[in-house]
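See below for the structure under consideration.
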Number of protein chains: 2
Amino acid sequence: MTMVRNTRQRQAVIQALRETQSHPDAAWIHGQVRSVLPSISLGTVYRTLDALVRDGVVMTIERAGQATRFDYKHGGHVHYHVVCRQCGAIHDVSAEAVTLPSAGLPAGFVVQDVRLEYHGLCADCAQPEEQL
Amino acid sequence: MTMVRNTRQRQAVIQALRETQSHPDAAWIHGQVRSVLPSISLGTVYRTLDALVRDGVVMTIERAGQATRFDYKHGGHVHYHVVCRQCGAIHDVSAEAVTLPSAGLPAGFVVQDVRLEYHGLCADCAQPEEQL
DNA sequence: ATTGTTGCAAAAATTTTGCATTAAG
DNA sequence: CTTAATGCAAAATTTTTGCAACAAT
């Protein structure tokens with residue numbers, strides 16, 4: 001019987017995620033946690049984050065060539081993401097009004113996570129090219 | 001005035017994408033295109049795919065640590081993706097019934113691409129652990 | 001002619017992994 | 001005690017880039 005151990009590393013990673021409003025990447029989390037556990041390794045941060053994602057308490061925003069961003073599901077609140085392709089800024093969008101189709105999925109597929117992402121340019125990055 | 005040149009490399013990459021029903025990665029596309037243009041480099045495939053994504057004619061499914069998968073928008077048909085976390089299989093889901101919220105986005109954000117992804121386990125990978 | 005593209009190869013970056021050691025339960 | 005989890009460092013992968021040569025317009 002496999003049991004998850006409540007290590008200090010795990011606690012610290014979870015706390016770091018809980019404390020931030022941003023959507024940090026593994027390196028940022030590592031930096032934060034280091035102030036509490038100076039010897040924690042980046043590998044452990046990655047392994048812990050993987051576990052949290054599998055447990056469904058953390059969401060990810062994944063972009064090729066960019067570090068994965070992690071997002072703690074505060075209170076299990078369902079929400080989606082707005083991602084700026086230029087600067088990488090990520091904003092949350094509450095999911096109140098969204099009704100996603102549950103039909104049309106392949107037979108037998110077990111949904112573990114639904115992601116709705118709007119990719120584009122944030123207000124700052126979209127501003128018309130000032131006269132160059 | 002920047003103009004896109006219709007190179008043979010670009011044509012070949014587009015054709016490879018059009019011909020497949022799968023959601024190939026850059027390496028697969030490179031392999032395909034090589035049968036027509038033996039000397040095309042993987043770098044060029046990546047650059048071409050980037051351009052096609054920017055042009056909005058190709059969608060991507062991006063996963064950390066996994067090669068990005070590319071999907072040609074045949075006839076501009078809007079659809080979403082079902083992704084198996086285990087085996088990486090990707091299925092399309094038509095978007096007919098979906099009504100996505102256009103409100104709630106940050107002011108001034110310019111949406112270029114909307115992604116709806118269902119992540120989980122496909123029927124094969126989800127089958128209950130046979131008695132081990 | 002111009003200059004956007006290519007091929008090559010090296011580099012950058014992110015994420016994963018093997019293994020001996022540590023520590024949670 | 002047991003064995004899941006850690007730290008370290010190396011490895012594996014994917015993606016990006018600099019630059020001289022090439023080719024589309």
Side-chain angles (χ1 to χ4, degrees), chain A residues 1-16 23-55 58-71 83 85-88 90 119, chain B residues 1-16 23-55 58-71 83 85-88 90 119:
Chain A
M1 181 85 257
T2 21
M3 42 146 42
V4 177
R5 291 183 182 175
N6 200 39
T7 64
R8 264 171 308 157
Q9 288 83 348
R10 183 183 169 91
Q11 294 171 4
V13 168
I14 291 174
Q15 195 190 4
H23 301 76
D25 61 21
W28 185 94
I29 294 167
H30 185 218
Q32 285 299 112
V33 174
R34 260 170 181 273
S35 64
V36 179
L37 295 174
S39 67
I40 189 175
S41 70
L42 182 55
T44 292
V45 172
Y46 269 108
R47 280 184 290 229
T48 303
L49 289 169
D50 277 357
L52 294 173
V53 169
R54 280 199 305 278
D55 291 351
V58 166
M59 298 181 71
T60 59
I61 297 90
E62 302 172 55
R63 300 226 288 145
Q66 309 274 113
T68 298
R69 309 282 286 271
F70 298 87
D71 188 8
V83 184
R85 278 178 170 164
Q86 191 96 92
C87 68
I90 297 174
H119 292 249
Chain B
M1 183 84 254
T2 21
M3 42 145 44
V4 178
R5 291 185 182 172
N6 200 39
T7 64
R8 264 172 306 156
Q9 289 83 348
R10 184 183 169 88
Q11 293 171 3
V13 168
I14 292 175
Q15 195 191 3
H23 300 77
D25 61 21
W28 186 94
I29 294 166
H30 184 219
Q32 286 299 111
V33 173
R34 260 171 182 273
S35 64
V36 179
L37 294 174
S39 68
I40 189 174
S41 70
L42 182 56
T44 292
V45 172
Y46 269 109
R47 280 184 291 229
T48 302
L49 289 169
D50 277 357
L52 295 173
V53 169
R54 281 199 306 278
D55 291 350
V58 166
M59 300 181 71
T60 59
I61 296 90
E62 302 173 54
R63 300 226 290 146
Q66 310 275 112
T68 298
R69 309 281 287 270
F70 298 87
D71 188 8
V83 184
R85 279 177 169 164
Q86 191 95 93
C87 67
I90 298 175
H119 292 249

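The sequence lines fix the lettering, A, B, ..., with proteins before strands; numbering per chain opens at 1.
- Within the 4.0 angstrom heavy-atom criterion, no nucleotide atom of any strand lies near B:Asp25.
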May I have the step-by-step check of side-chain contact (heavy atoms from CB on, under 4.5 Å) for B:Arg63 and B:Arg85, ending in yes or no?
CA-CA 9 Å; B:Arg63 300 226 290 146; B:Arg85 279 177 169 164; 4.1 Å; yes
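- A straight line from CE of B:Met3 to C1' of C:dT5 spans 13 Å, rounded to a whole angstrom.
- At the phosphate of C:dG7, OP1 or OP2 sits under 4.0 Å from a side-chain N or O atom of B:Thr44.
- Over its length, the helix from C:dA1-D:dT25 to C:dG25-D:dC1 turns its helix axis by 50°, as judged from the five terminal pairs at each end, rounded to 10°.
- Going from atom NE2 of B:His30 over to atom P of D:dT14 covers 14 Å, rounded to whole Å.
- Regarding contacts with the backbone of D:dT15, a side-chain N or O of B:Tyr46 is found under 4.0 angstrom from either OP1 or OP2.
- Nearest nucleotide to the B:Arg5 side chain, out of C:dT2, D:dT15, C:dG7: C:dT2.
- A donor-acceptor contact under 3.5 Å is not formed by the side chain of B:Arg10 with the base of C:dT5.
- Dashed line: the shortest gap from a side-chain N or O of A:Gln9 to OP1 or OP2 of D:dG7 is under 4.0 Å.
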Begin from the C-alpha positions of A:Tyr46 and A:Thr44 and carry the test side-chain contact (heavy atoms from CB on, under 4.5 Å) through to its verdict.
CA-CA 5 Å; A:Tyr46 269 108; A:Thr44 292; over 6 Å; no
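- Considering CD1 of B:Ile40 and CD of B:Gln9, their distance stands at 5.0 Å, rounded to 0.5 Å.
- Rounded to whole angstrom, the span from the CG atom of A:Asn6 across to the C1' atom of C:dG25 amounts to 11 Å.
- Rounded to a whole Å, the CZ atom of B:Arg54 is 13 Å from the C1' atom of D:dT16.
- For the pair A:Arg8 and B:Ala64, both in contact range of DNA chain C, the more 5′-proximal nearest nucleotide belongs to B:Ala64.
- With the nearest nucleotide of DNA chain D identified for both A:Val4 and B:Arg47, A:Val4 has the one nearer the 5' end.
- Taking 4.5 Å as the limit, some side-chain heavy atom of A:Leu52 sits within range of a side-chain heavy atom of A:Val13.
- Here C:dG7 presents its P atom at 8 Å from CG of B:Leu37, a figure rounded to the nearest Å.
- The distance between atom CD of B:Glu62 and atom C1' of C:dA13, rounded to the nearest whole Å, is 15 Å.
- Side-chain atoms of B:Ile29 and B:Asp25, non-hydrogen and from C-beta on, never get closer than 4.5 Å to each other.
- In this structure, the CD atom of A:Gln11 is 11 Å from the C1' atom of C:dA24, given to the nearest Å.
- One can place CG of B:Leu42 at 14 Å from P of D:dT17, the figure rounded to the nearest angstrom.
- Comparing B:Thr7 and B:Asp50 by the nucleotide of DNA chain D whose heavy atom lies nearest to each, the residue mapping closer to the 5' end is B:Asp50.
- The side chain of B:Ser39 contributes an N or O atom lying less than 4.0 Å from OP1 or OP2 of C:dG7.
- Checked for salt-bridge contact, A:Arg10 and A:Asp55 meet the test: a charged N lies under 4.0 Å from a carboxylate O.
- Contact check for B:Asp71 versus B:Thr60: no side-chain heavy atoms found under the 4.5 Å cut-off.
- Phosphate contact (OP1/OP2 of D:dT15, side-chain N/O of B:Thr68, threshold under 4.0 Å): present.
- Side-chain contact between B:Ile61 and B:Val83: present, with at least one pair of heavy atoms (C-beta onward) separated by less than 4.5 Å.
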